[in-house]
Amino acid sequence: MQWLKNNISNINLPKHEIVQQLNPDAKRPYGLVILERTLGSKKERFEFNLSLLNPNSVNYKISGDEFLIEMGTKKDIAGIKFHSDDVLKGYTDKVLFYANSLANGKNIHKVLKGVAPLAKTEFDSSKPDVTTIENALKYINDNIDGIESDGRTTVQNLTLDDYMSTFSQKETISDKNEEHLYFFNLTDINENSISFKDKKTRLYLVLNTNKGDYYIGHTLNGETEDYEKQLFVYFNSYDEALIGKEALQSLIKHFENQTIKSTEEYETSLEEALSLLSNEIKPVQSTNLQYEQQIELLETETSTFRFTKIESSSKKTIENVFEFSAQDLNKQNSKVKVSGKRVWAEIGIKSSEKLVKVYEDGEVQNYENSIEIEAPSIENAKSIVTILKQLAASQNK
């Protein structure tokens with residue numbers, strides 16, 4: 001570091017001078033550097049962590065009387081922050097250093113190639129501990145609060161209630177304010193697919209759900225939006241985002257390990273299942289529709305249930321009644337379904353046979369091969385599906 005600081009210096013060329021200086025960032029000494037350069041009246045500033053650089057990417061670039069050394073990032077990640085005339089322009093995956101002679105250029109090449117692995121070791125050893133819930137959550141919130149980029153200020157915060165998360169994102173753009181709230185189960189986030197992205201002057205992590213399920217609830221300025229399958233968490237720098245990614249992965253792993261995976265082989269009686277379902281099957285209010293729902297056990301001998309769903313709008317009310325046997329339920333075809341703002345538990349019948357008796361406003365309808373139970377949330381729908389899967393497993397032993 002000291003050698004680079006001393007030897008990446010001003011360049012005097014026949015027609016112009018290049019002023020350049022490389023310094024470690026005093027606030028974050030674990031490999032973060034600032035390269036400042038002036039070419040005529042143009043000022044440039046690069047901020048990056050040396051551990052991000054790929055030692056095998058160093059090469060020479062010669063243009064006229066200019067001798068340069070170019071170095072890229074690992075996996076071509078655009079993690080180098082670039083300012084022009086003190087204005088943030090975005091992120092790039094390459095940085096150039098000017099040399100004042102052939103010998104100077106060869107030495108810069110050699111030192112840059114050697115410094116990246118050293119910086120990686122230094123960076124890894126100086127990273128904060130994010131292996132506990134408290135430390136991980138604190139690190140994330142300390143580094144996502146107040147992100148200035150792309151002409152906007154983004155204030156973010158993550159709160160946890162056990163494994164359930166609320167992520168708030170308040171954005172101020174000129175005189176316009178937006179407040180986004182996201183609600184999700186941390187274990188629905190795929191820890192292995194958290195990725196880095198940049199757009200214009202914004203650097204962020206992309207959090208994706210497992211299997212691309214639309215399991216992330218979303219409101220904008222208090223109004224319910226469609227469910228999402230990913231969300232963005234903004235950071236000020238690549239190294240902060242990298243540790244933020246590790247902190248998020250740590251949280252996900254913790255709750256995955258703590259969550260008792262519900263086994264579908266768990267035995268439940270008809271009466272117990274009815275009690276559990278009665279607690280989970282609730283009224284649901286959507287934008288234009290309201291649902292009143294209830295379930296009852298009709299006959300113990302044939303394990304027959306009756307599910308009633310009353311759908312009301314400003315114009316009409318429809319009562320749908322479904323009668324089915326728990327012995328006919330199919331575990332594999334029962335799942336949580338999402339469409340836009342609507343969530344429901346879809347309960348399937350074995351071999352997709354049409355064994356569900358249906359009534360609409362008291363009139364017999366065609367038999368169906370599934371039942372749709374409306375849910376106010378993803379977790380509620382999951383619980384309904386789990387109970388009915390366990391009931392199906394008990395009935396078909």
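The residues of the chain are indexed from 1 along the displayed sequence. These numbers come from a predicted model, not from an experiment.
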> Counting heavy atoms not belonging to Lys120, are there more than 12 under 6.0 Å from its NZ?
Replying inline: no
> Would you find more than 12 non-hydrogen atoms of other residues, nucleotides or ligands less than 6.0 Å from Lys350 atom NZ?
Replying inline: yes
> Angle class for the Tyr238/Phe196 ring planes (parallel below 30°, perpendicular above 60°, tilted otherwise)?
Replying inline: tilted
> Is the number of heavy atoms from other residues, nucleotides or ligands under 6.0 Å of Asp161 CG greater than 12?
Replying inline: no
>> Does atom CG (Asn288) have a neighbourhood of more than 12 heavy atoms from anything else shown, all under 6.0 Å?
In response: no
> CD/Glu134 to NZ/Lys138 distance, rounded to the nearest 0.5 angstrom?
Replying inline: 12.0 Å
> Honestly, is Arg202 close enough over Tyr234, meaning NZ or CZ under 6.0 Å from the six-membered ring centre and within 45° of the axis?
Replying inline: yes
>> Could you check whether His180 and Glu178, counting side-chain N and O atoms only, form a donor-acceptor pair closer than 3.5 Å?
In response: yes
>> For the NZ atom on Lys341, are there more than 12 heavy atoms of other groups (residues, nucleotides or ligands in this structure) within a distance under 6.0 Å?
In response: yes
> Given Ile80 and Asp93, is the side chain to side chain contact (heavy atoms under 4.5 Å, CB included) satisfied, shown in steps?
Replying inline: CA-CA 6 Å; Ile80 300 172; Asp93 60 358; 5.9 Å; no
>> Under a 3.5 Å cutoff, is there a donor and acceptor pairing between the side chains of Gln290 and Glu292?
In response: yes
> Looking at Lys253 and Glu256, does any basic side-chain N land under 4.0 Å from a carboxylate oxygen?
Replying inline: no
>> Whether the Asn380 and Glu280 side chains hold a donor-acceptor pair (N or O, under 3.5 Å, no angle test) is what I'd like checked.
In response: yes
>> With a sphere of 6.0 Å drawn around NZ of Lys127, does it hold more than 12 non-hydrogen atoms of other residues, nucleotides or ligands?
In response: yes
